[in-house]
Amino acid sequence: MKIILTHEVSGLGAAGDVVDVKDGYARNFLVPRGFAIRWTKGGEKDVEQIRRARKIHEIATIEQANEIKARLEGTKVRLAVRSGDAGRLFGSVTQADVAAAIKAAGGPDVDKRRVELGSPIKTLGAHQVSVRLHAEVSAKVGVEVVSA
């Protein structure tokens with residue numbers, strides 16, 4: 001099935017890309033979550049509009065991405081969450097939590113969709129989180145999860 005991506009999807013493409021995926025993946029995952037729309041001949045206007053919006057929000061050059069990477073890696077991020085006695089969290093730390101903690105720590109404004117946790121953070125302590133800033137630039141941010 002041919003679809004138009006409306007958001008960046010890891011391993012698939014960026015917003016405005018027209019890609020072919022399996023019918024079930026598009027019908028059951030991408031379209032219901034708003035990550036994509038079905039491709040139509042009239043959808044070509046939408047593709048141009050999505051690409052223009054992406055250029056506005058996108059980090060334009062590798063130099064800009066490297067500057068933001070330096071700021072991110074120099075930022076100490078501390079996240080206070082509720083936890084039990086054994087150091088296990090009630091729930092887990094989400095991408096949105098990490099993005100908000102980076103901004104609260106004085107770092108740059110990061111889109112939650114660009115934060116990659118790897119595996120869910122469910123324990124207290126220090127964790128490494130990756131932030132995709134550009135296709136070629138990724139920053140590693142240390143996040144310290146403490147009990148609230």
Side-chain angles (χ1 to χ4, degrees), residues 1-75 77-83 88-123 125-145 148:
M1 173 184 286
K2 227 175 187 182
I3 59 169
I4 302 168
L5 295 176
T6 57
H7 292 86
E8 183 175 342
V9 179
S10 293
L12 193 57
D17 290 348
V18 177
V19 294
D20 279 323
V21 295
K22 298 217 177 203
D23 292 347
Y25 183 49
R27 187 177 51 246
N28 298 324
F29 182 77
L30 295 173
V31 173
R33 286 178 173 78
F35 293 143
I37 57 174
R38 294 180 192 270
W39 182 87
T40 60
K41 289 184 180 180
E44 291 301 320
K45 293 182 284 186
D46 295 338
V47 170
E48 288 304 316
Q49 188 177 30
I50 291 169
R51 286 185 181 155
R52 273 187 266 127
R54 180 177 76 181
K55 285 187 188 253
I56 292 170
H57 296 291
E58 189 176 77
I59 298 171
T61 63
I62 294 176
E63 290 81 23
Q64 281 180 323
N66 284 328
E67 290 173 14
I68 295 172
K69 177 182 176 181
R71 284 182 50 204
L72 273 174
E73 290 180 344
T75 304
V77 179
R78 191 174 175 145
L79 189 60
V81 294
R82 291 184 42 209
S83 65
R88 302 241 337 134
L89 304 182
F90 296 134
S92 65
V93 175
T94 64
Q95 296 166 324
D97 295 336
V98 173
I102 290 172
K103 186 169 182 165
D109 192 15
V110 176
D111 185 13
K112 69 179 181 180
R113 291 182 295 266
R114 295 193 175 271
V115 175
E116 296 176 343
L117 298 177
S119 60
I121 298 174
K122 294 186 176 191
T123 59
H127 301 275
Q128 284 289 340
V129 174
S130 178
V131 179
R132 282 180 289 108
L133 300 171
H134 191 270
E136 301 170 11
V137 179
S138 179
K140 296 284 185 191
V141 179
V143 177
E144 182 183 356
V145 180

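- The main-chain N or O of K140 is never found under 3.5 Å from a side-chain atom of S130 such that the two would form a donor-acceptor pair.
- Closest approach of D20 to K2, counting heavy atoms only: OD1-CG, 3.2 Å.
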Audit row: V145, V81, side chain to side chain contact (heavy atoms under 4.5 Å, CB included) steps and yes/no
CA-CA 7 Å; V145 180; V81 294; 3.5 Å; yes
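- Residues S92 and D97 approach most closely at O-OD2, 4.0 Å, considering heavy atoms.
- The shortest distance between side-chain heavy atoms of V129 and I121 falls below 4.5 Å.
- With contacts defined as side-chain heavy-atom distances shorter than 4.5 Å, the pair L133/R114 does not qualify.
- To the nearest 0.5 angstrom, K122 atom NZ is 6.5 Å from R88 atom CZ.
- Of the inter-residue distances, the one linking L89 atom CG with T123 atom OG1 reads 6.5 Å to the nearest 0.5 angstrom.
- Nearest heavy-atom pair, R78 versus A101, reported as atom, atom and distance to 0.1 Å: O-CB, 4.4 Å.
- The two residues N28 and R33 make their nearest non-hydrogen contact at O-NH1, 3.8 Å.
- Between R132 and E116, at least one side-chain N (NZ, or NE/NH1/NH2) sits under 4.0 Å from a carboxylate O, which counts as a salt bridge.
- From I37, atom CD1 reaches atom CG of L30 across 12.0 Å, with rounding to the nearest 0.5 Å.
- One distance of note links CD1 of I102 with CG of L72; it measures 5.5 Å at 0.5 Å rounding.
- Nearest heavy atoms, V115 versus A99: CG2-CB, 4.4 Å.
- In this structure, I3 and V21 have side chains that are in contact, with non-hydrogen atoms separated by less than 4.5 Å.
- Annotation: the span from D17 atom CG to L5 atom CG amounts to 6.0 Å, rounded to 0.5 Å.
- Relative ring orientation between H7 and F35 is described as perpendicular, the plane-to-plane angle rising above 60° on a 0-90° scale split at 30° and 60°.
- Atom CE of M1 and atom CZ of R27 lie 6.0 Å apart (nearest 0.5 Å).
- A heavy-atom distance below 4.5 Å is not found between the side chains of F29 and V9.
- Proximity of a side-chain donor or acceptor of T6 to a complementary backbone N or O of G34 within less than 3.5 Å is detected.
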